[in-house]
Amino acid sequence: MNTLFRAIPSVDACLTALVAADPQLSQAPHPLLRELVARFWEDRRKDIRAGYCQSAADLALEASLPRLLEYVRLGLRPRFRAVLNATGVVVHTNLGRSVLAEEAQAAVNLAASGYSNLELDMSSGGRGSRHSIVEDLLCRLSGGEAAFAVNNNAAAVLLVLNEFCQGGEAIVSRGELVEIGGSFRIPEVMEKSGTRLREVGTTNRTHLSDYAAAITEETRAILRVHTSNYRIVGFHSAVPLSQLATLAHAHNLPLFEDLGSGSLLDLSPYGLPGEPTVSGVLNAGADLVMFSGDKVLGGPQAGIIAGKKNLVDRLKKNPLARALRCDKFCLAALEATLRLYLDPAKACERIPTLRRICVPPEVLARRARMLAARLRKTLGNSCAVELRTSTSRVGGGAFPQYDLATSLVCLTPARTSVTALKNALLEIEPPLLGRLDQEQFCLDPRTLETSQYALVARVLQTALQQAEKLVASTGYAASQ
Ligand SMILES: *Cc1c(COP(=O)(O)O)cnc(C)c1O
């Protein structure tokens, strides 16, 4: 064992060899590089102690260099990286939800690269309010008298409940006490806001009389929550918003709606009926509506609150508003995105999230054929490439009841397994995410740009080679 330990090269010798093999590494932060080399050899020492490494020759610098190089490169890579989304899920929370329109990207760049009038009153030169950057646009597009944006929709709900319901009760239907994934659970957010939850009705049916019977001295508001990502089918009923508004207002109570995804446009012409719009919710009588900026809206992460001016004015003065405020990048991107909505046809064309939701199935079929042709050419006999019609999802808790028609490009590797391919695609630069469907690895063109096809082909080719090597070296059955 001592012979093995002595075979380990010095850190300095490794550094010299690394830089000789890849001159770019001389630009890497030196302390980090040293640490990575030391950690690599620490792992080898563990291997030696565990009996996994028995040959001094394997430990020599020359033999170890390829692995060391790979280890160091991985260790130096930024954590935040671009990925290729071939899942077909347009608003994918794990993949950063909405991709910004070019106009919004340019606005973020403007905010990032110089000083701006973020809180400057342009008429007096004195202090202005960052809220004014998006308020007029939000009012125009939502039909609200006033509006403002905070960090995300969870923050919007927290702020509204804290301002209007702290120390009292808010009434919510049992069918709407949802968890939105991650850790957003309506009952828990209510508790943090200082609001007591008054549940009414049952999981599948809640009636107006249930709400009416629950109103007491303690009641501060009625809250309705869009049941984002689950569907109730069968024997089920909820109270129409307009009836809830009449009830709330008869008792001098405000009605709030957590709309979740919050569509500014009616997308029913695109085969997506049934999702309430922000202006529809306010027209039906809600006093405030809260929704996300980065779901169907297609903008940056934000929580938007729109509705009655006297209520919004109170929210702006709540100390939590300062803690939950949007930064300049968010406001810049949000304004640019909202400006596109002033012309709805332009919004559907320019905002990637809307464009991807609205793309017709025949266009997707054509793109799938294009992608398949390219993959057949690049991948040759290493992989069978087939086309299949299927469906994709909007994601982000929007339109849970709708499947969007799509065409998938489905891959069956010839010399490795689908699982090995999927794993290799996560290791590669840039990583590619697809979906497993009928034991094939499938790519949905809905969330890819045609300009990315060449890159997708290259990434798949490399990943297949790596997955094949893995199968060869571990004897993994190709069927596994
Ligand atoms: C997504 C969602 C939220 C949370 O919104 P974030 O912008 O992710 O904070 C809250 N409520 C509903 C109904 C949602 O769908």
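Order of appearance sets the numbers: ligands from 1, and atoms from 1 within every ligand.
- Using a 4.0 Å cut-off between heavy atoms, R97 contacts ligand 1 through its side chain alone, with no backbone atom that close.
- Residue contacts with ligand 1: A154 is placed with a nitrogen or oxygen under 3.5 Å of a nitrogen or oxygen of the ligand (distance criterion only).
- Every atom of ligand 1 is numbered from 1 in the order shown, and the set under 4.0 Å from a heavy atom of D258 is 10 (C), 11 (N), 12 (C), 13 (C).
- At under 3.5 Å, not a single nitrogen or oxygen of D294, backbone or side chain, sits near a nitrogen or oxygen of ligand 1.
- Considering Q166, E218, E191 as possible partners of R196, the one that fulfils the side-chain hydrogen bond (donor to acceptor under 3.5 Å, both in side chains) test is E218.
- Residue S292 has at least one heavy-atom neighbour below 4.0 Å for each of these atoms of ligand 1: 5 (O), 6 (P), 7 (O).
- Residue contacts with ligand 1, taken as heavy atom pairs separated by less than 4.0 Å, involve K295 solely via side-chain atoms from C-beta onward.
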Check: Could you go step by step and tell me if R350 and E103 meet the salt bridge (Lys or Arg N to Asp or Glu O under 4.0 Å) rule?
Finding: CA-CA 8 Å; R350 304 289 306 161; E103 288 82 351; 2.8 Å; yes

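- Each of the atoms 13 (C) of ligand 1 lies under 4.0 Å from some heavy atom of H226.
- A donor-acceptor contact closer than 3.5 angstrom is absent between the side chains of S98 and D294.
- Contact annotation: M290 has no heavy atom less than 4.0 Å from any atom of ligand 1.
- Side-chain N/O atoms of R174 and T202 include no donor and acceptor closer than 3.5 Å.
- A donor atom on one side chain and an acceptor atom on the other are not found under 3.5 Å apart for E176 and H226.
- The side-chain hydrogen bond (donor to acceptor under 3.5 Å, both in side chains) test with D444 is passed by exactly one of R393, R367, R435: R435.
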